[in-house]
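To start, the structure itself, in structure tokens.
Below, chains carry the letters A, B, ... as their sequence lines are ordered, and counting in each starts from 1. Note that the structure is predicted; figures quoted are calculated from it, not measured. Just the heavy atoms: all of them, side chains too, but no hydrogens, waters or symmetry mates, feed the values below.
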2 protein chains.
Amino acid sequence: MSARVPRPGSPVRGSKTGKPIMALFDLLGRSWALGVIWQLSDGPMTFRQLQESCESVSPTVLNKRLKELKESGVLARGDSGYQLTGTGQELFALLHPFGDWSKRWAKNLPKEALDDR
Amino acid sequence: MSARVPRPGSPVRGSKTGKPIMALFDLLGRSWALGVIWQLSDGPMTFRQLQESCESVSPTVLNKRLKELKESGVLARGDSGYQLTGTGQELFALLHPFGDWSKRWAKNLPKEALDDR
DNA sequence: TACTATTGCTACTCTTTACGTAGCAATTTC
DNA sequence: GAAATTGCTACGTAAAGAGTAGCAATAGTA
């Protein structure tokens, strides 16, 4: 019933060693984990706001992700809703460049897709 | 049978708009996608080498991830196995800082876990 | 040439995760 | 005190992943 939250040092999905990077990848490699962090970078949001901005993510999954990310110290619940912690903002700082990258990727993909197939 | 590969511009898992960043998060938010990119940063690897270095990831899933990442232009198959493309190396460059971050996270987590719960 | 080993998968069953919808208890707003 | 809004939980169904077995194709060896 209680979902496993990936933590560095203990085995996680796919990783028996629990190497920090693998634990992190397990945490982030779940649906909407990255999206939630991305959305929260604009400031605190309520549960329903998050649900909307994540385009109809099911409350079940959203709640699971929130619990996991909370337990991982990435976000916390404050007065105005869920928000990134200092740690979480640090993590977002690393994530931020992916925005521009994804746009370039979107532009170049059609070309490459034709080349490579 | 044929798995959906997330592409910017078209709806992806959870995202109807297909915003590039959401498509990217969908692509990377699948089990072992980040891990595979991480492993390949050391150089080309064969299928079986990847399987080992990803600690017993099932061949089914590995093969799916490889197809998706290949179709997304992140990696390709060369003479000495699977390897990151230029695009893929660019992506890894963004991913690289997560290594150090995860180590700091691993050190601080126990403390925070006690504080926050 | 035939034998063996390795590689890159596919097939299968079982479990876990996610989706989609409904709804409810606890505030908050009027 | 009635109506909204918020933060969930509870379903049932569908999709994704784990774990194991094995096979066709190539490479290396006797």
Side-chain angles (χ1 to χ4, degrees), chain A residues 1-6 10-18 22-23 25-36 39-40 43-72 75-83, chain B residues 1-6 10-18 22-23 25-36 39-40 43-72 75-83:
Chain A
M1 179 118 268
S2 67
R4 291 187 51 78
V5 178
S10 60
V12 291
R13 181 180 60 166
S15 175
K16 272 109 188 170
T17 62
M22 289 304 159
F25 285 170
D26 183 14
L27 180 68
L28 299 180
R30 298 179 174 193
S31 82
W32 283 109
L34 291 166
V36 164
Q39 295 294 345
L40 284 183
M45 295 180 99
T46 65
F47 189 93
R48 298 251 170 166
Q49 280 176 323
L50 264 174
Q51 236 188 315
E52 274 178 49
S53 71
C54 289
E55 300 172 59
S56 79
V57 56
S58 82
T60 324
V61 171
L62 179 56
N63 194 34
K64 266 191 205 163
R65 286 306 92 80
L66 289 173
K67 274 181 188 164
E68 291 162 5
L69 293 170
K70 201 167 52 180
E71 193 165 336
S72 304
L75 55 81
R77 249 188 108 174
D79 287 347
S80 31
Y82 291 94
Q83 54 190 296
Chain B
M1 179 120 263
S2 67
R4 292 187 52 78
V5 179
S10 59
V12 290
R13 182 181 58 167
S15 176
K16 273 108 187 173
T17 62
M22 289 304 159
F25 284 169
D26 184 13
L27 180 70
L28 300 181
R30 298 178 175 194
S31 80
W32 281 107
L34 291 166
V36 163
Q39 294 295 345
L40 284 182
M45 295 180 99
T46 65
F47 190 93
R48 297 250 171 167
Q49 281 175 322
L50 264 174
Q51 236 188 314
E52 274 177 49
S53 71
C54 289
E55 299 174 59
S56 79
V57 56
S58 81
T60 324
V61 171
L62 179 57
N63 193 34
K64 267 190 205 163
R65 286 305 93 79
L66 288 172
K67 274 182 187 162
E68 292 162 5
L69 292 170
K70 200 166 55 182
E71 192 165 336
S72 305
L75 55 80
R77 247 188 108 173
D79 287 346
S80 31
Y82 291 94
Q83 54 191 292

Calculate the interatomic distance between Q49(A) atom CD and dT6(D) atom P; express it in whole Å. 7 Å

Hey, does V36(A) have a side-chain heavy atom less than 4.5 Å from the side chain of V57(A)? no

Separation of W32(A) atom CH2 from dG20(C) atom P, in whole Å? 11 Å

Side chains of R65(B) and E68(B): does their closest heavy-atom pair fall under 4.5 Å? yes

In whole angstroms, the gap separating C1' of dA16(D) from CG of D26(B) amounts to 12 Å

What residues, two or more places apart in sequence or in another chain, satisfy side chain to side chain contact (heavy atoms under 4.5 Å, CB included) together with T60(B)? S58(B)

For E52(A) and dT6(D), what is the distance between atoms CD and P respectively, to the nearest whole Å? 8 Å

Within this structure, what is the CZ-to-P distance between F47(A) and dA26(C), rounded to whole angstrom? 17 Å

Looking at dC19(C), dA22(C), dG17(D), which one has an atom nearest to any side-chain atom of S31(B)? dG17(D)

Which atoms form the tightest heavy-atom contact between Q39(B) and S53(B), and what is the distance? NE2-O, 3.3 Å

Give a yes/no on whether any side-chain N or O of R77(B) is located under 4.0 angstrom from OP1 or OP2 of dC9(C). yes

Rounded to the nearest angstrom, tell me the gap between atom CZ in R30(B) and atom P in dA16(D). 7 Å

Across the strands shown, which category fits T46(B) at heavy-atom distances under 4.0 angstrom: base, sugar-phosphate, nothing? sugar-phosphate

Under 4.0 Å from OP1 or OP2 of dG8(C): is there any side-chain N or O of N63(B) that close? no

What is the distance, to the nearest angstrom, from the OH atom on Y82(A) to the C1' atom on dC8(D)? 8 Å

Which sits closer to the 5' end of DNA chain D, T60(A) or R48(B), going by the nucleotide each is nearest to? T60(A)

Go through the structure and list residues passing side chain to side chain contact (heavy atoms under 4.5 Å, CB included) with R77(B), not counting sequence neighbours. Y82(B)

Base-pairing string, 5' to 3', of DNA chain C - Watson-Crick or wobble, under 3.5 Å, | interstrand: ||||||||||||||||||||||||||||||

Do F47(A) and L62(A) make a side-chain contact, defined as non-hydrogen atoms from C-beta onward lying under 4.5 Å apart? yes

State whether K64(B) places a side-chain N or O below 4.0 Å from either non-bridging phosphate oxygen (OP1 or OP2) of dT10(C). no

Heavy-atom nearest nucleotide on DNA chain D for L66(A) versus V61(B): which residue maps closer to 5'? L66(A)

Does CD belonging to Q49(A) count more than 12 external heavy atoms closer than 6.0 Å? yes

Please tell me which of the listed nucleotides, dA18(D), dG17(D), dT10(C), lies nearest to the side chain of R65(B)? dG17(D)

I need the CD-P distance between Q51(A) and dT6(D), as an integer number of Å. 11 Å

